[in-house]
Colleague: 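The structure that follows is given in the form of structure tokens.
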2 protein chains.
Amino acid sequence: MIKTKNKKFIKSFGKNLSALRKKAELTQEDLANDADIPLSQVGRIERGEVNTTISTVYVLAKALDIKVTELFRF
Amino acid sequence: MIKTKNKKFIKSFGKNLSALRKKAELTQEDLANDADIPLSQVGRIERGEVNTTISTVYVLAKALDIKVTELFRF
DNA sequence: TTTCGTAAACGCATATATGCGTTATTTATA
DNA sequence: TATAAATAACGCATATATGCGTTTACGAAA
């Protein structure tokens, strides 16, 4: 059970990821391929449905060619 | 199965957390209490044994009174 | 050595992220 | 409108993070 505050944090993270992905002009599928994770997972993360792990954050940052810290700048 | 590169990332995260905790002059138990997570979990994260989630990173940052991005500055 | 504080290292159950599909639904484009 | 592209929303199995407790190891101080 995720606490209310954390749910908001996870939602914000997803929104930020979505924005950064679009800024990079990538589709969810592109990002999924580049990060080598399932497309469905990218969707779930962006929608704030899952409390993703730091290793996934790492591969997403790599694929977006940005620093991990950028994904948390919101 | 965590990839080699990611294992290094997780290890680095743990080391950084440990350093920031000590800088805040907190024991693992203090941090666990403040972040409201099990003591055993703090240990596992610091040793790089687990690929922790962003919500745990969030509560750790809160407890340490630092920004989430600081935990990824390494 | 003995005691104490701290961290490591267990075991085990439960919740949930992930991985891999498939099927809607929405959005954009011809 | 029709078609395609992109995303959402499923289902389900597996891996693993978490939660909680206990035990062991280790260093420092008495």
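In what follows, chains carry the letters A, B, and so on, assigned in the order in which the sequence lines appear, proteins first and then strands, with residues in each chain numbered from 1.
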Colleague: If you check every side-chain atom of Ser40(B), which of dA7(C), dC20(D), dG21(C) has the closest atom?
Modeller: dC20(D)
Colleague: Carefully, step by step, assess Lys8(B) and Ser12(B) under the rule side-chain hydrogen bond (donor to acceptor under 3.5 Å, both in side chains).
Modeller: CA-CA 6 Å; Lys8(B) 269 189 202 162; Ser12(B) 297; over 6 Å; no
Colleague: Which pair of heavy atoms, one from Lys67(A) and one from Ala61(A), lies closest together, and at what distance?
Modeller: C-CB, 4.1 Å
Colleague: Leu17(A) and Leu31(A): which non-hydrogen atoms are nearest, and at how many Å?
Modeller: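 Scanning both residues, the minimum pair turns out to be CD1-CD2, 4.1 Å.
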Colleague: Between dT7(D) and Arg47(A), is there an OP1 or OP2 to side-chain N/O distance shorter than 4.0 Å?
Modeller: no
Colleague: Rounded to the Å, how far apart are Leu17(A) CG and dT7(D) P?
Modeller: 11 Å
Colleague: Got a second to check how far Tyr58(B)'s OH is from Ile10(A)'s CD1, nearest 0.5 Å?
Modeller: 10.5 Å
Colleague: Would you mind telling me which of dG19(D), dA9(D), dT18(D) lies closest to the side-chain atoms of Glu49(A)?
Modeller: dA9(D)
Colleague: Both Thr27(B) and Thr53(B) contact DNA chain C. Which one's nearest nucleotide lies toward the 5' end?
Modeller: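 So the residue in question is Thr27(B).
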Colleague: Can you check the Ile54(A) CD1 to dT16(D) P distance for me, whole Å?
Modeller: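 Distance, rounded to whole Å: 15 Å.
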Colleague: Give the rounded distance in Å between these two atoms: CG of Asp30(B) and P of dT6(C).
Modeller: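 From Asp30(B) CG to dT6(C) P: 7 Å.
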Colleague: Among the candidates dT18(D), dA17(C), dA7(C), find the nucleotide nearest to the side-chain atoms of Thr52(A).
Modeller: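 Looking only at side-chain atoms, Thr52(A) lies closest to dA17(C).
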Colleague: Nearest-Å distance, CG (Leu60(A)) to C1' (dA17(C))?
Modeller: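 Going from CG in Leu60(A) over to C1' in dA17(C) covers 13 Å.
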Colleague: Measure from the side chain of Gln28(B), starting at C-beta and using heavy atoms only, and say which of dT7(D), dA17(D), dA8(C) lies closest.
Modeller: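 Among the listed nucleotides, the one closest to the side chain of Gln28(B) is dA8(C).
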Colleague: Tell me the interatomic distance from Leu39(B), atom CG, to dT6(C), atom C1', rounded to whole angstroms.
Modeller: 9 Å
Colleague: Just the rounded figure in Å: distance from P of dA8(C) to NZ of Lys15(B).
Modeller: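 Taking atom P of dA8(C) as the reference, NZ of Lys15(B) is at 11 Å.
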Colleague: So, is Arg44(B) near the phosphate of dA8(C), with a side-chain N or O under 4.0 Å from OP1 or OP2?
Modeller: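 No, because none of the side-chain N or O atoms of Arg44(B) sits under 4.0 Å from OP1 or OP2 of dA8(C).
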Colleague: Nearest heavy-atom pair of Glu29(A) and Leu39(A): which atoms, and what distance?
Modeller: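 Distance-wise, the nearest heavy atoms are N-CD1, 3.7 Å.
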Colleague: Summarise protein proximity over nucleotides 23-30 of chain C in one line of letters, 5' to 3': B for base, S for sugar-phosphate only, - for none, counting protein heavy atoms closer than 4.0 Å.
Modeller: --------
Colleague: Check the distance between dA5(D)'s P and Glu25(A)'s CD and give it to me in whole angstrom.
Modeller: 18 Å
Colleague: Just to verify, which of Val57(A), Thr56(A), Val50(A) counts as forming a side chain to side chain contact (heavy atoms under 4.5 Å, CB included) with Thr53(A)?
Modeller: Thr56(A)
Colleague: Nearest 0.5 Å please: distance from the CG atom of Leu60(B) over to the CD atom of Glu70(B).
Modeller: 14.0 Å
Colleague: Starting at CD of Glu29(A) and ending at P of dT7(D), how long is that distance when rounded to a whole Å?
Modeller: 9 Å
Colleague: Checking all strands, does Thr56(B) fall into the base, sugar-phosphate, or nothing category for heavy-atom contacts under 4.0 angstrom?
Modeller: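 The answer is sugar-phosphate, as Thr56(B) gets under 4.0 Å only of primed atoms, P, OP1 or OP2.
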